Amino acid sequence: MKGFLLLLSFMTRIPMPKTEYDEEKLGKSMKYFPVVGIIVGFILLFFCIIFNFIFKNLNYSTALPLMILVVILTDLITTGALHLDGLADTFDGIFSYRSKHKMLEIMKDSRLGSNGALALILYFLLKFVLFYSLIIESRELTLYAIMTYPVVARFCSVVSCASSPYARGSGMGKTFVDNTKTCGLIVATVITLLYTIGMLFMPFILFTNYSLPIQFIMKSILAILIIIGLLGLFAYAFSKLIERKIGGITGDTLGALLEISSLVYIFLLLVIPTFFIG
């Protein structure tokens with residue numbers, strides 16, 4: 001529990017009781033990173049409900065972009081832009097096309113470069129467009145995406161920690177990489193699958209008279225399993241690509257992977273179900 005509280009306080013800006021720092025426990029708690037995503041997902045849902053009530057008298061086409069902005073800003077505030085900083089630093093370093101040592105130096109620099117700025121602009125643009133497309137396609141699927149994308153994205157970070165060594169001799173990310181083994185990856189996978197599949201049945205829990213054909217449910221579960229599998233492979237491939245570039249992963253690349261995989265997940269939610277559910 002102590003390790004998880006440390007992880008939650010380190011990875012979010014959620015007010016937490018003061019806990020004595022323990023590096024080993026923090027590192028070993030990485031397997032519970034998807035649980036942090038569950039908490040973030042419910043925070044996003046909470047603010048969506050509040051602002052949906054506030055925007056209820058607005059025209060749907062007017063309220064739609066505002067609701068998407070609420071999701072994006074709530075996520076940003078909840079995490080303190082920690083992972084977006086990693087995204088920008090990673091793009092500044094990797095796309096500098098310098099030596100491995102120089103790339104690592106650039107990524108450690110707190111200043112924002114042109115590649116990092118471009119990455120952030122494209123990130124927010126893609127996230128807005130993907131959510132807009134998703135909500136036009138299905139409001140129910142959008143609600144599902146809001147509650148699950150923080151979980152799946154953090155699962156991808158666990159995959160990365162278990163797949164590649166740390167690129168530097170020291171650093172906060174090294175704590176997570178050194179303490180995340182196959183067993184931890186299995187725990188993170190089980191948590192992610194149980195939650196993402198369980199959320200498919202949320203309508204049954206909220207509305208007792210809500211029912212769907214069993215065939216539809218089975219196809220939905222299959223689609224989610226395929227999406228999670230593809231994201232796992234994506235995280236592994238990303239980690240190996242970064243390892244080839246700079247000799248391993250860093251805290252910045254973990255943040256970059258988290259943000260990129262959230263976009264890929266939303267995209268796959270748009271595309272994959274069309275092959276199974278019609």
Side-chain angles (χ1 to χ4, degrees), residues 7-8 10-12 27 29-41 44 75 78-79 81-91 94 119 122-123 126-127 130-131 144-167 172-173 175-177 179-197 199 223-246 248-272:
L7 182 69
L8 192 59
F10 181 78
M11 295 295 189
T12 70
S29 68
M30 188 63 178
K31 58 180 173 288
Y32 300 119
F33 202 20
V35 180
V36 175
I38 292 174
I39 295 172
V40 173
L44 296 179
D75 191 352
T78 303
T79 59
L82 175 66
H83 310 302
L84 284 173
D85 180 64
L87 176 69
D89 287 343
T90 298
F91 271 70
I94 297 301
L122 289 174
Y123 169 82
L126 286 171
K127 195 167 189 177
L130 286 169
F131 265 123
Y144 179 81
I146 289 171
M147 295 191 68
T148 57
Y149 88 80
V151 181
V152 177
R154 284 158 179 80
F155 159 72
C156 287
S157 291
V158 181
V159 173
S160 184
C161 285
S163 302
S164 297
Y166 196 68
M172 182 56 71
T175 303
F176 299 114
V177 174
N179 289 282
T180 304
K181 309 300 179 185
T182 304
C183 182
L185 177 58
I186 292 172
V187 171
T189 303
V190 170
I191 292 171
T192 302
L193 290 176
L194 287 177
Y195 179 77
T196 52
I197 292 174
M199 284 297 102
I224 292 302
L225 289 175
I226 290 174
I227 290 172
I228 301 298
L230 289 174
L231 261 297
L233 290 173
F234 173 78
Y236 179 82
F238 178 90
S239 302
K240 291 304 177 183
L241 175 63
I242 295 297
E243 183 180 341
R244 191 173 65 181
K245 291 281 187 181
I246 58 175
I249 60 174
T250 68
D252 286 328
T253 66
L254 287 173
L257 173 61
L258 189 152
E259 297 295 359
I260 295 171
S261 58
S262 67
L263 298 180
V264 175
Y265 176 69
I266 298 169
F267 173 76
L268 290 177
L269 276 180
L270 265 170
V271 175
I272 296 298

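Below, all heavy atoms of this structure are taken into account, side chains as well, without hydrogens, waters or symmetry copies. Because the structure is a prediction, the values reported are computed rather than measured.
- By the side-chain hydrogen bond (donor to acceptor under 3.5 Å, both in side chains) test, Lys240 is found to be paired with Glu243, residues two or more places apart in sequence or in another chain being considered.
- Closest approach of Ile272 to Leu230, counting heavy atoms only: CD1-CD1, 4.2 Å.
- Closest non-hydrogen pair, Ser164 versus Val177, comes out as O-CG1, 3.3 Å.
- In this structure, NZ in Lys181 is found 10.5 Å from SG in Cys161, a value given to the nearest 0.5 Å.
- The shortest heavy-atom contact between Ser239 and Ala235 is OG-O, 2.8 Å.
- Within the 4.5 Å cutoff, the side chain of Leu44 has heavy atoms near those of the Pro150 side chain.
- The shortest side-chain heavy-atom distance between Met11 and Arg154 does not fall under the 4.5 Å cut-off.
- Residues satisfying the side-chain hydrogen bond (donor to acceptor under 3.5 Å, both in side chains) criterion with Ser261, sequence neighbours excluded, are absent altogether.
- Distance CG/Leu263 to CG/Leu130: 6.0 Å, rounded to 0.5 Å.
- Atom CD1 of Ile186 and atom NZ of Lys31 lie 12.0 Å apart (nearest 0.5 Å).
- Between the side chains of Tyr236 and Ser160, no donor-acceptor pair is found at a separation under 3.5 Å.
- Under the 4.5 Å side-chain criterion, counting only non-hydrogen atoms from C-beta, Ile224 is in contact with Tyr144.
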Go through Val159 and Phe234 one step at a time and tell me if the side-chain contact (heavy atoms from CB on, under 4.5 Å) criterion holds. CA-CA 10 Å; Val159 173; Phe234 173 78; over 6 Å; no

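- Evaluation of the ring-ring contact (aromatic ring centres under 6.0 Å, His included) rule for Phe267 yields no partner, not counting sequence neighbours.
- The closest side-chain heavy-atom distance from Thr148 to Tyr265 is below 4.5 Å.
- Side-chain contact between Phe176 and Leu7 is present, with heavy atoms from C-beta onward closer than 4.5 Å.
- Ser157 OG to His83 NE2: the interatomic distance, rounded to the nearest 0.5 Å, is 7.0 Å.
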With a cut-off of 3.5 Å and sequence neighbours excluded, list every side-chain donor-acceptor pair involving residues 252-259.
unit_1, atom_1, unit_2, atom_2, d
Thr253, OG1, Thr250, N, 2.9
Thr253, OG1, Thr250, O, 2.9
Glu259, OE1, Tyr123, OH, 2.6

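- Looking at Val36 and Tyr32, their side chains never come closer than 4.5 Å, going by heavy atoms from C-beta outward.
- To the nearest 0.5 angstrom, Phe91 atom CZ is 5.5 Å from Leu87 atom CG.
- Not counting sequence neighbours, the partners of Asp75 by the side-chain hydrogen bond (donor to acceptor under 3.5 Å, both in side chains) test are Lys127, Tyr149.
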Steps toward side-chain contact (heavy atoms from CB on, under 4.5 Å) verdict (Leu82, Thr12): CA-CA 8 Å; Leu82 175 66; Thr12 70; over 6 Å; no

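- Residue Cys156 holds its SG atom at 10.5 Å from CD1 of Ile260, rounded to the nearest 0.5 Å.
- Within the 4.5 Å cutoff, side-chain heavy atoms of Ile228 are placed close to those of Phe155.
- For Thr196, the side-chain hydrogen bond (donor to acceptor under 3.5 Å, both in side chains) criterion is met by no residue, not counting sequence neighbours.
- When all heavy atoms of Leu269 and Ala145 are compared, the pair lying nearest together is CD1-CB, 3.6 Å.
- Minimum interatomic distance between Val151 and Gly37 (heavy atoms only, all atoms of both residues): CG2-C, 3.5 Å.
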